[in-house]
Amino acid sequence: MVPLSALFIIIGIITFFAGSIVTYIYLKNTLKRKILTEESERILKEAKEEAERIKKNTILQAKEEIYILRSEVEREVRERRHDLQSWERKLSSKEESIEKRLESIERKEAELNRREKTVLIQEKKCEEMIEEYRRRLEEVAGMTSEDAKRIIIESMKEEARHDAAKLIKQIEDEAREVADKKAKKIISLAIQRYAGEYVAEKTVSVIPLPNEEMKGRIIGREGRNIRAIEALTGVDIIIDDTPEAVIISCFDPIRREIARISLERLISDGRIHPARIEEIVANVHQEMENTIKEAGEALVFETGLHGIHPELVKLLGKLKFRSSYGQNVYQHSREVAFLTGIMASELGLNPKHAKRAGLLHDIGKAVDHEMEGLHALIGAELARKYGESPKIVHAIAAHHEDEKPLTILPLLVQAADALSGARPGARRETLESYVKRLEELEAIARSFPGVEKCYAIQAGRELRVFVESDKVSDEEAVLLSKDIAKRIEKELTYPGQIKVTVIRETRAIEIAK
């Protein structure tokens with residue numbers, strides 16, 4: 001048995017320890033709560049201070065930017081003000097200069113007016129003196145000045161005509177001696193120059209190079225690159241002393257264009273060897289086929305036609321790379337199509353058929369370098385092959401009268417072709433107006449004295465006049481040809497030129513008995 005006093009002591013000790021523990025826990029929680037409260041207040045205080053600092057920095061930065069902007073604006077205003085002041089000074093100086101010039105002009109104008117009045121007075125005095133001398137001469141000569149003038153003019157006119165006729169005949173004789181030789185020389189030189197320019201323009205393309213080293217790369221080792229290009233494209237590559245350039249020569253414009261594009265791509269790419277050349281040429285060839293096809297389709301779409309065979313569409317696209325008489329055949333075909341359609345509409349015909357014939361009239365030029373024959377007949381055969389109607393085929397074949405025109409459609413194509421090409425034949429005349437012009441030519445020649453008979457030949461391009469030898473001399477024949485030509489120029493309207501030839505024959509006849 002534990003004594004009661006010991007039990008009370010143990011209970012007291014336990015109670016003491018329990019109270020101590022409870023007190024410790026309470027004090028610990030209270031202290032922790034206090035620490036947390038202080039920490040929160042400290043963080044809140046720091047946050048407020050940080051916010052205040054950021055606010056101050058933002059305000060300072062904004063003020064600094066406002067200051068910079070204000071400085072820039074003030075600088076720009078100063079520059080503008082300076083420019084305005086400069087312009088004002090210039091304007092002021094120009095105004096002063098203009099005022100000085102005006103004053104100078106006014107002074108000169110006043111001086112001119114004064115001189116003009118002086119000249120008028122002098123002229124009047126001179127006229128009075130001339131009139132006085134004329135009156136005295138009339139009294140001495142016993143005839144008026146008009147009579148004397150007429151007599152002198154008539155005598156001088158006859159003398160001048162005679163001398164002029166002799167001089168003209170002498171000059172023409174001298175010119176005739178050297179004309180043939182000089183004409184042949186001039187024509188040969190003109191043909192030579194034109195041929196050179198034409199070949200250079202129509203069969204040659206020039207490719208610029210970035211440097212001279214590129215020529216060696218194009219040629220390649222032992223010439224393998226240039227041989228590959230020429231074999232794949234069918235052109236001639238000319239590499240000469242021309243600086244930083246090579247020349248592509250070929251009569252086929254499509255092959256020349258393929259070679260040009262291929263060579264430009266090879267130069268741009270930098271990798272020039274047979275395998276790469278073959279790849280590039282194949283790609284360009286395919287692109288050219290697509291380009292030709294798209295050009296043909298665009299032309300067909302633009303003219304509003306349909307149902308044209310794809311091969312004909314492709315041939316139309318090829319015309320983009322052909323030219324005739326210096327004119328692009330692609331554009332020419334489009335113009336002829338529209339002109340033919342317009343004329344057919346005015347005549348009450350089917351404009352679609354007319355436009356179709358006009359569009360296809362030169363289709364043979366797309367292959368005339370591959371096939372023998374006239375381009376009109378070649379084009380008609382192609383149109384027949386690819387299903388065009390007989391009317392269209394006949395219009396194509398007859399548009400240069402390689403076949404006899406049987407309908408009005410070939411004539412419309414002829415007229416539109418002449419209008420677009422600006423070649424002889426664009427002006428067409430009716431038979432009545434043509435005959436009337438010839439009659440007027442002959443009537444003008446017969447109206448001159450001494451003309452025995454005259455004939456208009458060469459479709460009115462030449463007028464031959466026969467004169468009576470006893471009434472017209474050789475010198476007067478020269479003047480007669482010039483007078484007839486001037487009269488024709490004054491009274492008639494005609495295309496081109498008209499040659500007037502005066503013929504004078506002297507015949508001696510004797511009869512043997």
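Atom set for the values below is all heavy atoms of this structure, side chains included, hydrogens, waters and symmetry mates excluded. Residue indices begin at 1 and follow the sequence shown.
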Glu294 side chain to Thr291 backbone, donor-acceptor under 3.5 Å: no

Lys385 and Glu311: CA distance, side-chain angles, deciding distance, salt bridge (charged side-chain N to carboxylate O under 4.0 Å, His left out) verdict: CA-CA 10 Å; Lys385 177 181 178 181; Glu311 287 299 321; over 6 Å; no

Under 3.5 Å donor-acceptor, Gln414 side chain and Ala398 backbone: yes

Presence of salt bridge, Lys314 and Glu289, under 4.0 angstrom: yes

Salt bridge (charged side-chain N to carboxylate O under 4.0 Å, His left out) assessment of Arg437 paired with Glu440: CA-CA 5 Å; Arg437 181 159 61 85; Glu440 290 174 349; over 6 Å; no

Heavy-atom closest contact (Ile261 atom, Met288 atom, distance): CD1-CE, 4.0 Å

Leu316 side chain near Leu360 side chain, heavy-atom distance below 4.5 Å: yes

Ionic contact status for Glu230 with Arg227, cut-off 4.0 Å: no

Between OH on residue Tyr455 and CG on residue Leu438, distance to nearest 0.5 Å: 14.5 Å

pair Val500-Ile488: side-chain heavy atoms closer than 4.5 Å: yes

pair Lys365-Leu319: side-chain heavy atoms closer than 4.5 Å: yes

Side chain to side chain contact (heavy atoms under 4.5 Å, CB included) between Asp236 and Ile248, worked out: CA-CA 6 Å; Asp236 292 327; Ile248 299 174; over 6 Å; no

Distance (rounded to the nearest 0.5 Å) between Ile498 CD1 and Leu441 CG: 4.5 Å

Distance-only side-chain donor-acceptor flag, Asn225 / His273, under 3.5 Å: no

Step-by-step salt bridge (charged side-chain N to carboxylate O under 4.0 Å, His left out) determination, Arg384 to Glu381: CA-CA 5 Å; Arg384 185 182 296 109; Glu381 184 61 31; 2.8 Å; yes

Pairing residues for Lys293 by the side-chain contact (heavy atoms from CB on, under 4.5 Å) criterion, not counting sequence neighbours: Glu297

Ser333 (side chain) donor-acceptor with Val329 (main chain) under 3.5 angstrom: yes

Partner residues of His309 under the ring pair (Phe, Tyr, Trp, His ring centres under 6.0 Å) criterion, sequence neighbours left out: Tyr386

Nearest-0.5 Å distance, CD1 of residue Ile238 to CD1 of residue Ile226: 9.5 Å

Derivation and outcome, side chain to side chain contact (heavy atoms under 4.5 Å, CB included), residues Val300 and His306: CA-CA 7 Å; Val300 171; His306 59 84; 6.0 Å; no

Any Val467 side-chain heavy atom under 4.5 Å of Phe448 side chain: no

Value rounded to 0.5 Å, distance of CD in Glu279 from CG in Leu232: 12.0 Å

Ile342 and Thr340, any side-chain heavy atoms less than 4.5 Å apart: no

Glu79 atom CD, over 12 foreign heavy atoms within 6.0 Å: yes

For Glu462 against Thr501, the heavy-atom pair lying closest together: OE2-OG1, 3.3 Å

Minimum heavy-atom distance Leu266-Ile229, with the two atoms named: CD1-CD1, 4.4 Å

Polar side-chain atom of Ser92 near backbone of Glu88 as donor-acceptor pair, under 3.5 Å: no

Aromatic centroids of His399 and His394 separated by under 6.0 Å: no

Criterion side chain to side chain contact (heavy atoms under 4.5 Å, CB included) on Arg255 and Thr233, from CA distance to verdict: CA-CA 6 Å; Arg255 287 190 297 178; Thr233 59; 5.8 Å; no

Sidechain N-carboxylate O distance under 4.0 Å for Lys486, Glu489: no

Contact check, side chains of Ile378 and Leu382, non-hydrogen atoms, under 4.5 Å: yes

Residue pair Lys320, Ile292: steps toward the side chain to side chain contact (heavy atoms under 4.5 Å, CB included) verdict: CA-CA 8 Å; Lys320 191 172 185 179; Ile292 290 172; over 6 Å; no

Exam field: side chain Asp269 to backbone Arg265, donor-acceptor pair closer than 3.5 Å: no

Pair His332, His361: side-chain N/O donor-acceptor within cut-off below 3.5 Å: yes

Close side-chain approach of Pro274 and Arg224, heavy atoms under 4.5 Å: yes

Thr303 side chain to Arg356 side chain, donor-acceptor N/O pair below 3.5 angstrom: no

Short side-chain to backbone donor-acceptor contact, Lys318 and Ile363, under 3.5 Å: no

Minimum side-chain heavy-atom gap Arg217-Met214 below 4.5 Å: yes

Donor-acceptor under 3.5 Å (Arg504 side chain, Val472 main chain): yes

Lys100 and Glu96: CA distance, side-chain angles, deciding distance, salt bridge (charged side-chain N to carboxylate O under 4.0 Å, His left out) verdict: CA-CA 6 Å; Lys100 290 179 181 178; Glu96 292 176 359; 5.5 Å; no

Closest contact, heavy atoms only, Leu312 versus Glu388: CD1-OE2, 3.7 Å

Expected output: side-chain Ser97 to main-chain Ser93 donor-acceptor under 3.5 Å: no

Ser481 side-chain N/O to Val502 backbone N/O, donor-acceptor pair under 3.5 Å: no

Closest non-hydrogen atom pair between Tyr330 and Ala298, with its separation: OH-CB, 4.3 Å

Atom pair CZ (Arg322) and CG (Leu315), whose distance is rounded to the nearest 0.5 Å: 11.5 Å

Nearest-0.5 Å distance that lies between atom CZ in Arg446 and atom CD1 in Ile444: 10.5 Å

Expected output: side-chain Asn283 to main-chain Gln286 donor-acceptor under 3.5 Å: no

Nearest heavy-atom neighbours spanning Gly317 and Ala295: CA-CB, 4.0 Å

Flag if over 12 foreign heavy atoms under 6.0 Å of CD, Glu278: no

